[in-house]
Student: 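If you scroll down you'll find the structure; I have some questions about it.
The first residue of the sequence shown is numbered 1, and numbering continues consecutively from there. Order of appearance sets the numbers: ligands from 1, and atoms from 1 within every ligand. Source: prediction; values computed, not measured.
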Amino acid sequence: MNYPAINECHIGFVGAGTMAYAMASGFVSSGAVKASQLSASAPSNRNLKKFEALGCHVTNNNNDLFSHLSAPMRHKTLKIIFLCVKPLVFKQPVLDMNAYAKEPAVLVVSVMAGINLETIVRRLEVDPADCTRNPDKGSVFVARIMPNTACAVNAGVCGVSYVTTGARDYSQRLKAFLSVLLTPLGVCEFVDEKQMDAVCGLSGSGIAFVYTLIHAMADGGLKMGLPRTVANNIAAQTVLGAALMVQKTGQNPIALRDDVASPGGTTIHGLHALAKGGFDAVVMDAVESATKRSQEFS
Ligand SMILES: NC(=O)c1ccc[n+]([C@@H]2O[C@H](COP(=O)([O-])OP(=O)(O)OC[C@H]3O[C@@H](n4cnc5c(N)ncnc54)[C@H](OP(=O)(O)O)[C@@H]3O)[C@@H](O)[C@H]2O)c1
């Protein structure tokens, strides 16, 4: 099977919560995917309302979602199912998609923290060798991503791994397609499956650590007399600017930090306060704790 352009695919979200909506709105705001290409299913309308407002097809039944995606006129179109439920409830939705995943031109992409590809493939009752062996004869495509909520503003990170058993050529085509599919949501990094928990700790959960940093910096500005909105804006832009400097210069963050810290100046006094509070160790502990929690789900 040759992979189509992403504006020709049909994309379904099983689970319509925070992460699914971040991805759906990111796809639409990127302009790469139209809302009419997207559908979502969830047991209640609690979250589906936002999808409906975006212009997507919605349903309370996973099988209806699969039927909608496989309507006769879409017979040959690639269908992508993002599995966006909590790890604790994934068994039923995977059971629901068991038969559907084996239809031609279906790619299943799990966003669940901690549930490995082997488990998903086993629960789908798929032979791993069929995942990339012969895409023209109804092979099953299964991938796993670890996104973060900044996908909503096209500035997310997606760690990606996929089942590589089978012909290298097909596997390379799947990798190239996943990269094209996910790039509208932000940066896409291919990692070994065993590194996925660390991506969850660093980025999936890590974005929350950065919000905490922004909030704490803004509180510092407030304490020093800045109005709240001004403090929030300056703190957020400072984090954005620092991130862009690291990305665009390719320099080590410590080298960039040295450019700011002059002898006896304001910055080194602030850095001393961070060191006294154990800032580096606390942040490393946060990434480690989130990674270990993700490992516990496996
Ligand atoms: N949130 C993040 O920042 C983040 C980051 C990376 C990865 N993830 C992963 O993304 C997944 C979803 O997380 P979330 O934060 O988006 O969770 P969430 O907001 O709680 O959304 C879960 C969704 O699953 C739906 N659901 C429950 N049982 C279902 C079933 N049997 N069939 C279909 N849908 C069902 C829920 O339906 P209702 O709407 O009816 O409640 C809800 O829409 C998790 O596995 C998580 O590990 C999340």
Student: Is the closest N or O pair between Val85 and ligand 1 shorter than 3.5 Å?
Tutor: yes

Student: Would you please say whether a donor-acceptor pair under 3.5 Å links the side chains of Ser30 and Asn154?
Tutor: no

Student: With atoms numbered from 1 as shown, which atoms in ligand 1 lie under 4.0 angstrom from a non-hydrogen atom of Met112?
Tutor: 45 (O), 47 (O)

Student: With heavy atoms of Thr149 as the reference, note each atom of ligand 1 found under 4.0 Å away.
Tutor: 3 (O)

Student: Below the 3.5 angstrom mark, is there an N/O of Gly204, backbone or side chain, next to an N/O of ligand 1?
Tutor: no

Student: Atoms of ligand 1 less than 4.0 Å from Asn62 heavy atoms?
Tutor: 32 (N), 33 (C)

Student: Closest non-hydrogen protein atom to atom 13 (O) of ligand 1, residue and atom name please, with distance?
Tutor: Lys86 NZ, 4.0 Å

Student: What protein heavy atom sits nearest atom 43 (O) of ligand 1, and how far off is it?
Tutor: Ala16 N, 2.9 Å

Student: Could you list which atoms of ligand 1 come closer than 4.0 Å to a heavy atom of Val14?
Tutor: 33 (C)

Student: Nearest non-hydrogen atom to atom 22 (C) of ligand 1 belongs to which of Cys84, Gly15, Cys151?
Tutor: Cys84

Student: Tell me: protein heavy atom nearest atom 39 (O) of ligand 1, and distance?
Tutor: Asn47 ND2, 2.7 Å

Student: Determine yes or no for a side-chain-to-main-chain donor-acceptor pair under 3.5 angstrom, with Ser179 supplying the side chain and Lys175 the backbone.
Tutor: no

Student: What are the atoms of ligand 1, with element, lying closer than 4.0 Å to any heavy atom of Pro147?
Tutor: 5 (C), 6 (C)

Student: Looking only at side chains, do Asp64 and Ser41 share a donor and an acceptor under 3.5 Å apart?
Tutor: no

Student: Between Glu296 and Lys292, is the closest basic N to carboxylate O distance under 4.0 Å?
Tutor: no

Student: Could I get the full list of ring pair (Phe, Tyr, Trp, His ring centres under 6.0 Å) partners for Phe51, not counting sequence neighbours?
Tutor: Phe13, Tyr21

Student: Tell me, which protein residue and heavy-atom name are nearest atom 2 (C) of ligand 1, and how many Å apart are they?
Tutor: Met19 SD, 3.9 Å

Student: Taking the side chain as every heavy atom from C-beta outward, state whether Pro147 and Met19 have any atom pair closer than 4.5 Å.
Tutor: yes

Student: Among protein heavy atoms, which lies nearest atom 19 (O) of ligand 1, and at what distance?
Tutor: Thr18 N, 3.0 Å

Student: Atom 29 (C) of ligand 1: which of Pro87, Ser44, Pro43 has the nearest heavy atom?
Tutor: Pro43

Student: With Leu83 as reference, evaluate Val94, Val142, Ile145 under the side chain to side chain contact (heavy atoms under 4.5 Å, CB included) test and give the passing residue.
Tutor: Val94

Student: Counting only nitrogen or oxygen atoms and a 3.5 angstrom limit, does Arg46 reach ligand 1?
Tutor: yes

Student: Check each atom of ligand 1 against the heavy atoms of Pro93 and keep those under 4.0 Å away; list them by number with element.
Tutor: 30 (C), 31 (N), 32 (N)

Student: What distance do Arg144 atom CZ and Ile115 atom CD1 have between them, rounded to the nearest 0.5 Å?
Tutor: 8.0 Å

Student: For ligand 1, is Gln92 a contact, meaning one of its heavy atoms is under 4.0 Å away?
Tutor: no

Student: With a 3.5 Å distance limit and no angle check, can you tell me whether Asp280 reaches the backbone of Ala275 through a side-chain donor-acceptor pair?
Tutor: no

Student: Can you pull out the closest protein heavy atom to atom 7 (C) of ligand 1? Residue, atom name and distance to 0.1 Å, please.
Tutor: Val111 O, 3.3 Å

Student: Minimum distance, heavy atoms only, to atom 47 (O) of ligand 1: which one of Ala42, Ala40, Ala113 is it?
Tutor: Ala113

Student: Under the criterion salt bridge (charged side-chain N to carboxylate O under 4.0 Å, His left out), I'd like the reasoning laid out for Glu52 against Lys49: C-alpha separation, chi angles, the key distance, then a yes or no.
Tutor: CA-CA 5 Å; Glu52 208 167 15; Lys49 282 181 279 187; over 6 Å; no

Student: Under a 4.0 angstrom heavy-atom cut-off, which atoms of ligand 1 come close to Gly17?
Tutor: 16 (O), 18 (P), 19 (O), 21 (O), 23 (C), 42 (C), 43 (O)

Student: Output yes when a side-chain donor or acceptor of Ser205 lies under 3.5 Å from a complementary backbone atom of Gly201, and no otherwise.
Tutor: no

Student: For residues Asp96 and Asn63, is any side-chain donor paired with an opposing acceptor at under 3.5 Å?
Tutor: no

